[in-house]
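Starting from 1, each residue takes its place in the sequence as its number.
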Amino acid sequence: MLLLRGSRWWRPRRPPTPSAPGRAGPRPPTPRVLCVKLCGSLKCYQAHLYSTVAPPDEVTVSYRHGLPLITLTLPSRNERCQFVVKPMLSTVGSFLQDLQNEDKGVKNAAIFTADGSEIATSTLMGFLLMNDFKLVINKITYDVQCPKQEKPSSEHATELENMKSLVHRLFTALHLEEFQKKREHHLLEEIDHLKGQLQPLEQMKAKIEARSAAKTSGLLWAGLALLSVQGGALAWLTWWVYSWDIMEPVTYFITFANSMVFFAYFLVTRQDYTYSAVKSRHFLHFFYKKSKQQHFDVVQYNKLKEDLAKANESLNRLRRSLYLQTQVEELNEKN
């Protein structure tokens, strides 16, 4: 510090040396003044502050207890917020939805790769955190740098897999019966629901089947009547009008014409001309015709029947497993 006294420069004096023994006592020490000389202007000096705290607008990724922790500043409240991410369960879409749920001021948010390609919302966060990415919130881009994790050794990975397998087996052993009970209750509710949907369709189907069966039966009786009329006409022409010498070629050509009709039926339907096949074909023809008239959805009915059959099969398998498990427990108690 520079001090002036009058028009001269004033400097502090050096304290006197201690006097020899026998003389007057030492004088009190003169206060010392530190002189600092300034060069240049004060405006040219700037203070440089250094700190390890992240800037308020930076997005950081760290790991705590093995889980990624993303820290960022919310735009509306202007405060830092931390989001815990489950790498193999959370997706990019769920993370962005958590951002919007936490702060209503987040109108739009998206995540891009370092080269500017947009990342799909179905991508798992575990794959996202393997590389650096860009987080865009309300048209503001944040460059996020992900710390590199060391890959576990083969022994550590094997121990981790064994631990996961053990936890899974313990969970299954502790909650298997409860899960089976819930599954059985769910299947029973599903079966009741399917039966409720099928009941009106079954009633409509029964009516359509009855009408179709009646029409098919009438068609078969009509065929029998036509054959009877044909046989009677040939007999009348043979014995009363003409002789057998004249009617023999006629019956031959009638038989040949019938063979041609049967062969044409095979070419059209790709089925042998049998009475059971003809009956089934005409029954289905009448059934679908009536279904269209009555607005009966055959596709929906078949789908419901298939779902009901699958549900019943699953319920039977589940009950068999429960029965076997009960028998094993009884044997263990007896032993």
Side-chain angles (χ1 to χ4, degrees), residues 51-176 178-180 182-183 186-187 190 303 306-307 310-311 314:
S51 174
T52 58
V53 180
D57 58 345
E58 185 178 357
V59 180
T60 59
V61 179
S62 59
Y63 286 85
R64 182 179 299 176
H65 304 295
L67 294 177
L69 189 67
I70 300 178
T71 307
L72 51 87
T73 303
L74 298 177
S76 297
R77 295 181 290 182
N78 197 19
E79 61 183 9
R80 304 285 286 176
C81 186
Q82 295 179 344
F83 295 88
V84 179
V85 177
K86 297 179 180 179
M88 303 310 296
L89 297 178
S90 302
T91 60
V92 173
S94 61
F95 172 68
L96 297 178
Q97 186 64 37
D98 291 341
L99 285 178
Q100 295 179 349
N101 294 336
E102 185 67 25
D103 190 356
K104 301 302 180 182
V106 180
K107 301 301 180 182
N108 47 41
I111 295 180
F112 297 84
T113 58
D115 56 359
S117 301
E118 186 175 2
I119 298 177
T121 55
S122 59
T123 305
L124 293 175
M125 292 297 293
F127 295 101
L128 175 67
L129 296 176
M130 292 181 179
N131 301 310
D132 299 341
F133 60 92
K134 294 182 180 181
L135 176 61
V136 180
I137 301 177
N138 295 343
K139 299 182 180 180
I140 300 176
T141 304
Y142 301 93
D143 292 328
V144 183
Q145 296 181 354
C146 299
K148 304 298 181 182
Q149 285 187 312
E150 296 181 358
K151 294 184 178 180
S153 61
S154 59
E155 297 180 357
H156 181 69
T158 304
E159 292 178 358
L160 185 61
E161 290 297 329
N162 294 335
M163 183 69 67
K164 289 181 180 179
S165 177
L166 178 60
V167 171
H168 178 71
R169 284 182 290 176
L170 288 174
F171 180 83
T172 303
L174 294 174
H175 298 84
L176 178 60
E178 181 183 357
F179 172 76
Q180 288 178 339
K182 290 182 179 180
R183 179 63 177 170
H186 174 72
L187 288 174
E190 184 179 358
K303 184 178 182 303
E306 291 177 359
D307 294 342
K310 291 179 181 178
S314 300

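- For Arg64 against Gln82, the heavy-atom pair with the smallest separation is NH1-OE1, 4.0 Å.
- Atoms NE2 and CZ, on His186 and Arg183 in that order, are 5.5 Å from each other to the nearest 0.5 Å.
- Counting only heavy atoms from C-beta outward, the side chains of Val136 and Glu118 never approach each other to under 4.5 Å.
- Between Ile70 and Val144, every side-chain heavy-atom pair lies at or beyond the 4.5 Å cut-off.
- Minimum heavy-atom separation, Ala109 to Gln100: N-NE2, 4.2 Å.
- A donor-acceptor pair is defined here as one N or O able to donate and one able to accept, closer than 3.5 Å; no such pair exists between the side chain of Asn138 and the backbone of Ile140.
- Just one of Val92, Leu96, Thr91 meets the side-chain contact (heavy atoms from CB on, under 4.5 Å) condition when paired with Ser94; it is Thr91.
- The residue from Ile137, Val106, Asp103 that alone fulfils the side-chain contact (heavy atoms from CB on, under 4.5 Å) condition with Leu74 is Asp103.
- Once rounded to the nearest 0.5 Å, the distance linking OG1 of Thr141 with CZ of Phe112 reads 8.0 Å.
- Taking both residues in full, the closest heavy atoms of Lys107 and Lys104 are given as NZ-O, 3.8 Å, listed atom of the first, atom of the second, then distance.
- The heavy-atom pair separating Gly105 from Ser76 by the smallest distance is CA-OG, 3.1 Å.
- To the nearest 0.5 Å, atoms OG (Ser90) and CD (Gln97) are separated by 12.5 Å.
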Identify each donor-acceptor pair in which a side-chain atom of residues 119-132 lies under 3.5 Å from a protein atom, sequence neighbours left out, and give them as a table.
from	atom 1	to	atom 2	distance (Å)
Thr123	OG1	Ala120	O	3.1
Asp132	OD1	Cys146	N	2.9

